[in-house]
Visitor: 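Let me give you the structure first, and then I'll get to my questions.
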Amino acid sequence: MSLNLPVSGTAQSPVLAPELQSGITDVYLFDAANLLLVDASAGAQASLGYDAETLRTMTPFDLAPELERGKLEDLLEGLSQDAGAHDSLRTQFQRADGGTYPAKLHFLRVVRDGRRLLLAIDDDLALVYTVATALEQYQAHFDAVVDHTPGLVYQFVQYDDGRVAFPYLSEGCGALLGMSAAELQEAPQRFLELILPDDRNDYLDELAASQSELTTLNWEGRIWIDAWKDVKWINLRATPLPLEDGTQWDGFMTNITASRLEQEEIRASRARLAELNEHIEQVKEQERARIAREIHDDLGGNLTAIKMALAMLVERLPDDPALRDKARYLDDLVDRSIEAVHRISLDLRPAMLDLGIVAALDWQAKEFEKRMGIPCIFCSNTREVGLDADHAAALFRIFQEALTNIAKHAEATRVTVDLDRQGRDLLLTICDNGRGIAPSDRLKPQSFGLRGMSERARALGGTLTLSPGPGGGTMVAVKIRLDAPQAAGQPSTTTA
């Protein structure tokens, strides 16, 4: 019996066929009697680093010094003498430079021209071992990173039939959730039970949205850790992956309790500061009103009395031109003082506020146009708004500050002001056609006017926004919530 293999040449010097010589697999041909190497493929020569002449003087034990003779002999004895019998073993080949590499040799008995040969084909294990070693190193590196990551790295699967599972949970499970990874994997529904009832529906909604839209799950909520009788804030960030029978999320959970408590403290502190600021503004307005009344009533009354007394004295003066000039000068001085008292009183507390916010804004727009020479058009879709005195004063101060900023910085030639009541919302917009405001200007350390406007709007429970105007320049918009809905049939007021 003979096996027709790609071996060519004479019985004295059989050689491998060209297709085996040039193949990428290392192939060796040994004499079955003395185990001397008869021929080797080009790949085998390249792997070992020996030339063909040197290889023909070597046996498997020279190629693989660690190969146990008894192991090879047992393998060969176990091979049938019939051509085609085969078996394999693993060993380490040694290169000419002393280096080694793993190999798996498949021995096959062949007969060519009556000569018994052993064909050995090497399954090069170097790549397999390299890949396996790299995978082990990568896994070790991954495990080290995961173990040192604060929080819990996890895989979560939700199946179409409603079942859930945690295929992977890192060692951080116990520290974060108060139960081991094995306990949660055995009863994965326990995670939903950890979430406080008030936050559970929000978690399920976020999970459903992430599943349907295949968007990143980013949820924050509270869990109850029964082991410690404590509530924790956690954050979940995970990426969904559709499966044939459900959806898988890969991500991590982190403990954000400390940061959330800090946020709550900051929020509460800001609320207290806002209340304090509102109280300070109210006290300031009340003090302005008191000072304005005293200046107007006391100082204004005294100046009026002085003017009347001066007029009586002028009538009794002798016909002396110098004395009469002095009298006219004093009379003019008293008039200017009365005007100053009137102006200061209005600046401290405009009397127009007593007539309502619409009348006060209309009056201020006219005063701005008269003083600055810049047309200021005021429009309102309502005659009156039900604002209490403190809120009306705060909105009026925002309007004053906006006009002051326009006069100082805008280089505008026209200003339009709209007061619109829309149901329970009141919207005040001030637009100019000036040079606009750069985003960097809003962040300047000295921009106290803008900060004051924003703080006043926040104290009113509203918002203040700055944006480019529809025709260039800047638009300031203040939106606040009113206590009662608009009464029907209120006519609009327009003033130019």
Visitor: Return all side-chain donor-acceptor pairs below 3.5 angstrom for residues 407-420, not counting sequence neighbours, or 'none' if the list is empty.
Guide:
unit_1	atom_1	unit_2	atom_2	d
Thr413	OG1	Asn433	ND2	2.8

Visitor: side-chain hydrogen bond (donor to acceptor under 3.5 Å, both in side chains) for Asn218 and Thr216? Distances and angles first, verdict last.
Guide: CA-CA 6 Å; Asn218 186 8; Thr216 299; over 6 Å; no
Visitor: Could you give the distance from OG (Ser212) to CG (Leu207), rounded to the nearest 0.5 Å?
Guide: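 One gets 10.0 Å once the value is rounded to the nearest 0.5 Å.
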Visitor: Using the side chain to side chain contact (heavy atoms under 4.5 Å, CB included) rule, take Ile437 and Asn405 through it: C-alpha gap first, then chi angles, then the decisive distance, then the call.
Guide: CA-CA 10 Å; Ile437 181 172; Asn405 288 339; over 6 Å; no
Visitor: To the nearest 0.5 Å, what is the distance between CZ on Phe252 and CG on Leu236?
Guide: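 It comes to 9.5 Å.
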Visitor: As an exercise, state the distance from CE of Met253 to CD1 of Ile256, rounded to the nearest 0.5 Å.
Guide: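 Answer for the CE-CD1 pair, Met253 versus Ile256, is 12.5 Å.
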Visitor: Using salt bridge (Lys or Arg N to Asp or Glu O under 4.0 Å), reason through Arg481 and Asp425 one step at a time and then give a plain yes or no.
Guide: CA-CA 5 Å; Arg481 192 76 165 169; Asp425 291 328; 2.9 Å; yes
Visitor: Quick one: pull up CD1 in Ile234 and CG in Asn255 and give me the separation to the nearest 0.5 Å.
Guide: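 Those atoms lie 8.5 Å apart.
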Visitor: Indicate yes or no: does Lys366 engage Glu369 in a salt bridge with an N to O separation below 4.0 Å.
Guide: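 No, this pair does not count.
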Visitor: Is there a salt bridge (Lys or Arg N to Asp or Glu O under 4.0 Å) between Glu455 and Arg458? Walk through the geometry before answering.
Guide: CA-CA 5 Å; Glu455 288 297 329; Arg458 192 176 295 114; 2.8 Å; yes
Visitor: Drop me the distance from Asp230's CG to Ile223's CD1, to the nearest 0.5 angstrom.
Guide: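 Between atom CG of Asp230 and atom CD1 of Ile223 there are 9.5 Å.
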Visitor: Where do Ser170 and Gly151 come nearest, in terms of heavy atoms and distance?
Guide: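 Where Ser170 meets Gly151 most closely, the heavy atoms are OG-O, 4.2 Å.
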Visitor: Give the table of side-chain donor-acceptor pairs shorter than 3.5 Å for residues 371-379, with sequence neighbours excluded, one pair per line with atom names and distance.
Guide:
none

Visitor: Under 30°, 30 to 60°, or over 60°: which ring-plane class applies to Phe166 and Phe156, parallel, tilted or perpendicular?
Guide: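 Tilted: the ring planes of Phe166 and Phe156 meet at 30° to 60°.
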Visitor: Taking only residues two or more places apart in sequence or in another chain, which ones pass salt bridge (Lys or Arg N to Asp or Glu O under 4.0 Å) with Glu265?
Guide: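 Glu265 satisfies salt bridge (Lys or Arg N to Asp or Glu O under 4.0 Å) with Arg272 once adjacent residues are dropped.
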Visitor: Would you check if Val334 and Ile338 make a side-chain contact, meaning some heavy-atom pair closer than 4.5 Å?
Guide: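 Val334 vs Ile338: side chains touch.
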Visitor: Taking distance alone, no hydrogens or angles, what donor-acceptor pairs closer than 3.5 Å link side-chain atoms of residues 308-323 to residues at least two apart or in another chain?
Guide:
unit_1	atom_1	unit_2	atom_2	d
Arg316	NH1	Met312	O	3.2
Asp320	OD1	Ala322	N	3.1

Visitor: At their closest point, which heavy atom of Leu152 faces which heavy atom of Gly172, and how far apart are they?
Guide: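 The pair with the smallest heavy-atom distance is CD1-C, 4.2 Å.
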Visitor: Going by atom type alone, with no hydrogens or angles, which donor-acceptor pairs under 3.5 Å involve a side-chain atom of residues 189-199 and a protein atom two or more places apart or on another chain?
Guide:
unit_1	atom_1	unit_2	atom_2	d
Asp199	OD1	Arg222	NH2	3.0
Asp199	OD2	Arg222	N	2.9
Asp199	OD2	Arg222	NE	2.9

Visitor: As an exercise, state the distance from CG of Leu464 to CD1 of Ile480, rounded to the nearest 0.5 Å.
Guide: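 Separation between the atoms: 11.5 Å.
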Visitor: Show the nearest heavy-atom pair for residues Leu427 and Ala477, with the distance to one decimal.
Guide: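 Nearest pair, atom of Leu427 first, then Ala477: CD1-CB, 4.4 Å.
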Visitor: Please report the C-alpha distance between Lys284 and Glu287 in whole Å, then the side-chain angles of each, then the deciding distance to 0.1 Å, and finally whether the salt bridge (Lys or Arg N to Asp or Glu O under 4.0 Å) criterion is met.
Guide: CA-CA 5 Å; Lys284 284 166 61 178; Glu287 186 65 11; over 6 Å; no
Visitor: Which heavy-atom pair separates Asp202 from Glu220 by the least distance, and what is that distance?
Guide: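 The pair with the smallest heavy-atom distance is OD2-O, 4.4 Å.
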Visitor: Heavy-atom count check: over 12 atoms from other residues, nucleotides or ligands less than 6.0 Å from Arg270 CZ?
Guide: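 Not buried by this count: 12 neighbours or fewer within 6.0 Å.
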Visitor: Go through the structure and list residues passing side chain to side chain donor-acceptor pair (under 3.5 Å) with Thr254, not counting sequence neighbours.
Guide: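 By the side chain to side chain donor-acceptor pair (under 3.5 Å) rule, Thr254 matches no residue at all.
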Visitor: Can you name the closest pair of heavy atoms from Pro167 and Val157 and give their distance?
Guide: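 Result for this residue pair: CG-CG2, 3.7 Å.
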Visitor: Between the main-chain N or O of Pro468 and the side-chain N or O of Thr474, is there a donor-acceptor pair closer than 3.5 Å?
Guide: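 Answer holds: no.
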Visitor: Under a 4.0 Å threshold between the charged nitrogen and the carboxylate oxygen, would Asp97 count as salt-bridged to Arg95?
Guide: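 No, Arg95 and Asp97 are not salt-bridged.
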Visitor: Does Glu264 have more than 12 heavy atoms from other residues, nucleotides or ligands lying within 6.0 Å of its CD?
Guide: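 Result for CD/Glu264: enclosed.
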Visitor: Going by the ring-ring contact (aromatic ring centres under 6.0 Å, His included) test, name the single residue among Trp233, Trp249, Tyr203 that passes it with Trp219.
Guide: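 So, applying the ring-ring contact (aromatic ring centres under 6.0 Å, His included) to Trp219 and each of Trp233, Trp249, Tyr203, only Tyr203 qualifies.
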Visitor: Go through the steps to decide whether Leu460 and Leu387 satisfy the test side chain to side chain contact (heavy atoms under 4.5 Å, CB included), and finish with yes or no.
Guide: CA-CA 10 Å; Leu460 290 172; Leu387 283 177; 5.9 Å; no
Visitor: I'd like to know whether NZ of Lys232 has more than 12 heavy-atom contacts from other residues, nucleotides or ligands below 6.0 angstrom.
Guide: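 Yes.
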Visitor: Is Arg397 paired with Glu401 through a side-chain N to carboxylate O contact shorter than 4.0 Å?
Guide: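 No, no charged N to carboxylate O under 4.0 Å.
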Visitor: Which atom names give the shortest non-hydrogen contact between Asp432 and Gly434, and what distance separates them?
Guide: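 Closest approach of Asp432 to Gly434: OD1-N, 2.8 Å.
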